[in-house]
J.: 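For reference, the structure I am asking about is given below.
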Amino acid sequence: MPRLSTSFYEQTDVAGISKALLGKYLLTSFNGMITGGRIVETEAYRGPDDKACHAYQNRCTRRTQVMFETGGVAYIYLCYGIHHLFNIVTAEAGMPHAILIRAIEPVLGIEAMQDRRGMSKVSPQLTGGPGVMSKALGIDKAYTGISLTEPESPIWVEDRREPLTKEAILSGPRIGIDYAEECKEWPWLFWIKDNPFVSKRR
DNA sequence: CACGGGATCGTCT
DNA sequence: GACGATCCCGTGT
């Protein structure tokens, strides 16, 4: 299956790419073990004019500098001291857009993902939520900045040609960004309708 | 099921 | 020194 390429990630409409990623497959390969599944929930962040984005007003720090690279690299950071949240950088170099992948439906390497999570059963909590999804996939912030498009990359996204209908995609305000003032109402959270692995609202 | 709080540490002020 | 693009568990109903 083909990996999504730089031409996909370099598009400028971050909300559109966010929606287009639904139904694609996010996969990792560590120590020969492939794990991953179908993307069911995403969130768009559009620096520099988005107050919810870490790169608001082009703020460039050691943490955020990878967001300024060309589309198709990983932006991974530690949240609340515990969770490693996985984002995909989009747009051309110098334009800090990113998409947070919030949930996948587990498909490949399910037992390995259960081991990483310490869970004996498959439940929505296995991969439904940005922190637990990264943990299930074996992703941590050591991988921030890596390419998702090179053939040897251990993290990538595949298009398995499983298109979604317009009716299957819903959107709403993003989660956990109360500080973002007027931007917090922007409907840039996207999810697949009725999918049990979409994270719970809070 | 709803709610509240604790965990835990890198990052920026 | 404060706080966060979260999660999990305990309590009460």
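By convention in this document, chain letters (A, B, ...) are assigned in the order of the sequence lines, proteins followed by strands, and residues within each chain are numbered from 1.
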J.: Students often get this wrong, so: under 4.0 angstrom with heavy atoms, is A:Leu85 touching a base, only sugar-phosphate, or nothing?
T.: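 It contacts sugar-phosphate atoms only.
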J.: Please give, in whole Å, the distance from C:dC7 C1' to A:Met133 CE?
T.: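 Computing the A:Met133:CE to C:dC7:C1' distance gives 14 Å.
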J.: To the nearest Å, how far apart are A:Trp186 CH2 and C:dA5 P?
T.: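 The answer, rounded to whole Å, is 16 Å.
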J.: Applying the Watson-Crick and G-U wobble criteria at under 3.5 Å, what pairs with C:dC8? Answer none if nothing qualifies.
T.: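 Paired with B:dG5.
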J.: Would you say A:Tyr77 places a side-chain N or O within less than 4.0 Å of OP1 or OP2 belonging to B:dC9?
T.: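 Looking at the OP1 and OP2 atoms of B:dC9, neither is under 4.0 Å from any side-chain N or O of A:Tyr77.
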J.: From the options C:dC8, C:dA5, B:dT8, select the nucleotide whose nearest atom is closest to the side chain of A:Tyr75.
T.: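 Of the options given, the side chain of A:Tyr75 lies nearest C:dA5.
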J.: Let me spell it out: for each of A:Lys141 and A:His83, pick the nucleotide of DNA chain B with the closest heavy atom. Which residue's pick is nearer the 5' end?
T.: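 Closer to the 5' end of DNA chain B: A:His83.
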J.: Rounded to whole Å, how long is the line connecting atom CD1 of A:Ile175 with atom P of C:dG4?
T.: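 Rounded to the whole Å, the gap is 16 Å.
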J.: Please classify the nucleic acid contact of A:Leu78 as base, sugar-phosphate, or nothing, using heavy-atom distances under 4.0 Å.
T.: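 If one applies the 4.0 Å heavy-atom cut-off, A:Leu78 turns out to touch the sugar-phosphate alone, with no base involved.
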J.: In this structure, how many angstroms lie between the P atom of C:dA5 and the CD atom of A:Glu181, rounded?
T.: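 Answer to the nearest Å: 14 Å.
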J.: Are OP1 or OP2 of B:dT11 and a side-chain N or O of A:Arg59 less than 4.0 angstrom apart?
T.: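 No, A:Arg59 has no side-chain N/O under 4.0 Å of OP1/OP2 on B:dT11.
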J.: Would you mind reading off the distance between A:Tyr56 atom OH and B:dT13 atom P, rounded to a whole angstrom?
T.: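 Result: 14 Å.
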J.: Find the distance A:Asn87:CG to C:dT6:P and express it as a whole number of Å.
T.: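 In whole Å, C:dT6 P and A:Asn87 CG are 11 Å from each other.
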J.: For the rings on A:Tyr143 and A:Phe30, is their centre-to-centre separation under 6.0 Å?
T.: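 Aromatic pair counts; centres sit under 6.0 Å.
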J.: Between A:Arg174 (side chain only) and A:Ala44 (backbone N and O only), is there a donor and an acceptor less than 3.5 Å apart?
T.: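 Looks like yes, one N/O pair under 3.5 Å.
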J.: Does a side chain donor of either A:Glu162 or A:Tyr25 reach within less than 3.5 Å of an acceptor in the other side chain?
T.: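 Looking only at side-chain atoms, A:Tyr25 and A:Glu162 do form a donor-acceptor pair, the distance falling under 3.5 Å.
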J.: With rounding to the nearest 0.5 Å, note down the distance linking CD1 in A:Ile39 to CG in A:Asn195.
T.: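 Between A:Ile39 CD1 and A:Asn195 CG, I get 12.0 Å after rounding to 0.5 Å.
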J.: Contact class for A:Arg63 (heavy atom, under 4.0 Å): base, sugar-phosphate, or nothing?
T.: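 Counting heavy atoms under 4.0 Å across all strands, the contact made by A:Arg63 is with sugar-phosphate only.
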J.: Can you tell me how far C1' of C:dC8 sits from CE of A:Met119, to the nearest Å?
T.: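 About 11 Å, once rounded to whole Å.
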J.: If the cut-off is 4.0 Å, is A:His54 near the phosphate of C:dA5, judged by side-chain N/O to OP1 or OP2?
T.: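 Yes, because at least one side-chain N or O of A:His54 sits under 4.0 Å from OP1 or OP2 of C:dA5.
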J.: If only side-chain N and O atoms of A:Arg117 are considered, is one of them under 4.0 Å from the OP1 or OP2 phosphate oxygen of C:dC8?
T.: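 Yes, within the criterion.
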J.: Could you tell me if A:Ser153 and A:Ser147 have a donor-acceptor pair between their side chains, going purely by distance under 3.5 Å?
T.: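 No, because no side-chain N or O of A:Ser147 sits under 3.5 Å from a partner of the opposite role on A:Ser153.
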J.: Starting at atom NE2 of A:His84, determine the distance to atom C1' of B:dA7, rounded to an integer number of angstrom.
T.: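 In whole Å, B:dA7 C1' and A:His84 NE2 are 14 Å from each other.
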